[in-house]
Structures are given as C-alpha cells and as structure tokens.
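Below: the structure, in structure tokens.
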Amino acid sequence: MTAVEAGSSARAMAGAVARREISARELLELHLERIAERNGDRDAGVNAIVGLDVERAREGATVADAHQAAGAPLGPLHGLPFAVKDTHRLAGWRTTFGSPLFADHVPDVDDLPVERVRRAGVVLLGRTNTPELAAGSHTFNPVHGTTRNPADLTRSAGGSSGGAAAALAAGMVPLADGSDMGGSLRNPASFCGVVGLRPSLGRVPTWPVANQWEVTATYGPLARTADDVALLLGVQAGPDPRAPQALGDPGHLLGAPLPLGARALRGLRVAWSLDLGRLFPVDDAVARVVEEAGRLMARNGAKVFAAAPDLSEADTTFRTLRAWHLHASYGELLARNPGGIKPALAENIRAGALLTGRDVDRAYRARTELGERMRRFFADYDVLALPAAQVPPFPVEEEYPAQVAGEPVRDYLDWMRAAYLITVTGCPAISVPAGTTPEGWPVGVQLVAPHGADRRLLEVAAALEAASGSSR
C-alpha cells in the first residue's frame, strides 16, 4: 500500500517523498503505469505525453533518491515526475515545438522556468504535446499528432498547453508547465477540468528570449487544484538578473499552502460578466455553468455585481501585437520554408509583415489605456468572473469550431476572445473547474484580478473550488 496514488495532490506527493513514505523511484513507477494505461499514441489514447524517455526518467529518480539518502537539502518539488511543454527548451532533450522544421532539435540550454523546476528537484520523463509552434487552442501537429481530451477521447483537449492539461487530467503527471498568449493556459484547463493560471506579466520571467521587452506571452503553471498551482508558481516565479522585467516578489511567498475552505469568498466584490458587454458569443451550455458559478459565489458570501470593464479595443490590440510578435519570431523561418508552416499560422506571420510602425504604436497605446482601465475598474471590484472558453470541448477532428452560439467563426482565433481580450490587460487570470455540460465535458470559469495580485487570485480560486467541491 503506497502513501499516495497517481491522482493525489502534488503537495501530498512531495510531502510523502520528503517524509520517505514513498521513494522518487516508486512515485515515478506509479506515474509510468498510468501513462501506459492512458497515454497511448498518435492513433489512440490521450496522446498527451510525447518523447517519453523511461530509462532517463528512472535514472533521474535513482539520483533523486540517492540525493535524499545522502541528507542533501530537498527542493520543493523533489521527486515529482514532470514533463515539460514541447515549446520550452529543455537542455539535452529533443524539443520540436510541434514543427517538422525542429523535429530533430536538441537545445543546449534550459529556458529559465525549466531551469527552476529542475533545480526544485523534479524527475523529468518527457514532453507534453502542443500545436505547431504553440499557435492555436487545439493541440495537433505533424510531428506528434493530436492530443485528445481524457473526459471524452472524441473531443479536443484545447491548447496550446493541451498536452499538459490532458496529462494532468488523466493523472499522468502531478504538475505541468505551460505558456499563454491568447489563452493557452486557460483554454486547455477549461476543456480538461484542471486549473491553469496565466500569471501577471513579469511574474514568471524567462530567458533566453529574442526580445526581453515583448510581454504578450508568459509561462505559467497548471495543476489539478489551485493549491498545487501555487506550489508550482512558487518555483517558477521570482526575479532573475537575466530578466529585467521580472516582478521582484520572491517565489516562495506565492508557493505556500492556500487557506482551506470557502472563506475567501465572504465579502468578495465580484464583477460577473458572461460576454464583457457583448464582445463575444458564448455557447449555451458554457453560459449555464458560468452563471451557476456566479450564484455559487453569492451563496457563499460574495457580493456579485453584473459589471465589466470597457475592453472594446482589446481585439484589434491583441491581433496586431500577436501578428507583430509572430512575424518577428518566425518571419525569416517562413521565408526559408514557405510550405513548412501550417496555413493558418503562416497567414498570421505574413499579416505581421504588413503592419506599419503606426499600427504597432496604436496597439501599444491602446494596451496602455486598457491597463489603466483595469486598474480603475479594480478599485471597485476584487475579481472579474467570466468564461474561460466560449465553447465546450469540440470534436477532435476539427481545427477549430465553425460557430459559437450560432455565430460563424471567422478564423482560428475568433472563438478564443474570452481569453485573449484579458491577455492585453496584463492582469493575472485563472481558469477554475466550474462544472460540466450535460455530456460530461468540463467547463471552467475565468477569474481575473489586478496586476500583481496573483496570490490573492489563487486564494479566491481555492475558495471557489471548496464551494463547488471541485478540489481533488
């Protein structure tokens, strides 16, 4: 009888290893068994973990146990099995970015958040699947195939951190890393019934990067509970001399256990909005779950108001900055390989080449104004609540849904507005499981807090979990 199971909380697993109730090797074997049961491959199963290296993982677990036996200090994630998103550089491991152009790429340096989880003591076992070059909120690519939703293998797991969210939901890993530009932590969390946090800009710094001053995207944590998200955020966050825009709060202040129960909802001023003032359509099944989440917060002592900030310029702002970023990142790659990148992404990259300096200036000015509006908005409210995704998980064969609530979708970004309109505010946002559709497909509610209030946001998320009974 083991002290923990593959579906136990990450904090419980780490504690059991530290107390020597279970070894890192034994914990790894539990997860390898679950991976063998659930993961499958590109033709069947969840297909969340790619590049699985069992031999190297077992060697890592043996080293972790020897380290502990020698009485050496243990990191907060010591002995926890971990798979890194396949867009995050992991020195010595194949990192494909989901692209045939990088199918054999092996970096010689870790990205800073990866460096930090390594230092915290994880046992690396492989990568989690992602869309090609992390573009889009459905996880499929020519290198590793499609990731399927553990709740229903006929449905999408979301993206771009879809492999990470699916691996968590299936119990194949206790924690997962991801990144988010237009919803890539929040969308798959909603689809898979886990928790995904897009931190405040600067909260989770990275290095190396081509442009330290472009901060549309950010790394962040996923887990099965808000408390486990806090555990991983405490490792990922904190200043570093290589990242000049990093927030100065030490990570350990964010990683402490969250308060138990729903007390954080009492007296909380919640601005609740289904569509941010008709800025996007929402599927009826999603709307029902998000509406019930608002009522649940009110029943547990929150003061819930129908209110939303003015984000009317956010759509154009996001699309401009995204195209500018994609062209800066991949314009030369596309020029060298005109047929080597999926058409929807190639179109976005080319759109970035058509932008003028005036277009980019206008977008950054609008982004500054949007940030100011949110700052003023949160003088009256503590959190904003809205859908994390506008639709429930859609059929896995589709690249993206053709319509939302009867309205046609114009491109592969259009159905993600609930997430990416929040992106350009710079505020932290978290997707928390809120319920399911009649078919049993997960639906998350998105909670947004003022910039820098990540810890407070996690406390509210944990309180909502307690109120709804979604804590695992």
Side-chain angles (χ1 to χ4, degrees), residues 2-8 10-41 45-97 102-130 143-144 163-164 167-168 170-177 223 231-232 235-236:
T2 59
V4 296
E5 299 177 349
S8 299
R11 207 180 285 274
M13 291 183 196
V17 172
R19 294 187 298 272
R20 304 193 183 192
E21 296 169 0
I22 189 171
S23 68
R25 179 64 180 262
E26 289 169 332
L27 187 60
L28 172 66
E29 294 302 327
L30 283 176
H31 286 87
L32 290 177
E33 289 173 12
R34 182 64 68 91
I35 291 169
E37 293 170 0
R38 300 296 307 275
N39 194 53
D41 55 29
V46 176
N47 193 35
I49 294 181
V50 297
L52 177 66
D53 192 328
V54 174
E55 182 178 351
R56 187 150 39 167
R58 285 173 173 155
E59 290 173 357
T62 299
V63 170
D65 286 335
H67 178 91
Q68 185 171 6
L74 304 184
L77 308 183
H78 182 82
L80 296 187
F82 200 87
V84 174
K85 185 177 177 179
D86 197 27
T87 52
H88 299 171
R89 280 167 289 209
L90 178 60
W93 294 65
R94 188 168 72 123
T95 302
T96 74
F97 305 96
F102 295 95
D104 300 315
H105 174 63
V106 179
D108 57 6
V109 64
D110 288 337
D111 283 340
L112 175 55
V114 175
E115 175 187 307
R116 286 176 166 176
V117 296
R118 275 213 216 230
R119 194 165 59 237
V122 300
V123 173
L124 296 168
L125 56 81
R127 315 307 303 269
T128 55
N129 204 17
T130 181
V143 181
H144 299 297
L168 281 166
M172 293 189 277
V173 290
L175 295 169
D177 65 0
L231 175 65
L232 181 52
V235 170
Q236 294 177 325

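Values below: every heavy atom of this structure, side chains too, minus hydrogens, waters and symmetry copies. Predicted model, so just to flag it, every value in this text is computed and none were measured.
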Interatomic distance, CG@Leu125 vs CZ@Arg58, rounded to 0.5 Å, equals 11.0 Å

Worksheet item: Within a strict 4.5 Å, meaning less than it, do heavy atoms of the His67 and Leu74 side chains meet?
Response: yes

In short, Asp177 meets Ala83 closest at the heavy-atom pair OD1-O, 3.9 Å

Item checked: Donor-acceptor under 3.5 Å (Arg127 side chain, Arg94 main chain) -> yes

Item to complete: Would you indicate whether the side-chain heavy atoms of Val46 and Met172 approach each other to under 4.5 Å?
Response: yes

Smallest heavy-atom separation, Ala12 atom then Val4 atom, equals O-CG1, 4.0 Å

Of all heavy-atom pairs linking Asn129 and His144, the shortest is OD1-CB, 3.5 Å

Rounded to the nearest 0.5 Å, the CZ atom of Arg38 sits from the CD atom of Glu33 at a distance of 14.5 Å

Q. Do the side chains of Asp53 and Glu55 get nearer than 4.5 Å, heavy atoms only?
A. yes

What one should report as the nearest heavy-atom pair of Ala164 and Ala176 is CB-CB, 3.6 Å

Value for CG (Leu124) from CG (Leu28), rounded to nearest 0.5 Å, stands at 10.5 Å

One should read off an interatomic distance between Leu77 CG and Arg11 CZ, to the nearest 0.5 angstrom, of 9.5 Å

In short, Ala167 meets Ala48 closest at the heavy-atom pair N-CB, 3.6 Å

So Phe82 and Leu175, do their side chains get closer than 4.5 Å, heavy atoms only? yes

> Less than 4.5 Å apart, any side-chain heavy atom of His31 and any of Pro174?
Replying inline: yes

Given side chains that start at C-beta, do those of Val17 and Ile22 come closer than 4.5 Å, heavy atoms only? yes

Compare all side-chain heavy atoms of Leu232 with those of Val117 and state whether any distance is below 4.5 angstrom.
-> yes

In short, Gly163 meets Thr128 closest at the heavy-atom pair C-CB, 3.7 Å

For residues 107-116, which side-chain N or O atoms pair as donor and acceptor with protein atoms under 3.5 Å away, sequence neighbours left out?
from	atom 1	to	atom 2	distance (Å)
Asp110	OD1	Ala91	N	2.7
Asp110	OD1	Arg118	NH2	3.2
Asp110	OD2	Arg118	NE	2.9
Asp111	OD1	Arg89	NE	2.7
Asp111	OD1	Arg89	NH2	3.1
Asp111	OD2	Arg89	N	3.0
Asp111	OD2	Tyr219	OH	2.4
Glu115	OE1	Arg242	NH1	3.4
Glu115	OE2	Arg119	NH1	3.3
Glu115	OE2	Arg242	NH2	3.0
Arg116	NH1	Gln236	O	2.7
Arg116	NH1	Ala237	O	3.4
Arg116	NH1	Gly238	O	3.1
Arg116	NH2	Gly238	O	3.0
Arg116	NH2	Pro239	O	2.9

Test side-chain hydrogen bond (donor to acceptor under 3.5 Å, both in side chains), reference Thr96, set Thr87, Asp86, Asp104, Thr130, output is Asp86

Rounding to 0.5 Å, atoms CZ (Arg25) and OG1 (Thr62) come to a distance of 5.0 Å

Fill in: Side chain proximity check, Ile49 to Val173, heavy atoms < 4.5 angstrom
yes

Rounded to the nearest 0.5 angstrom, the NZ-CZ distance for Lys85 and Phe97 is 11.0 Å

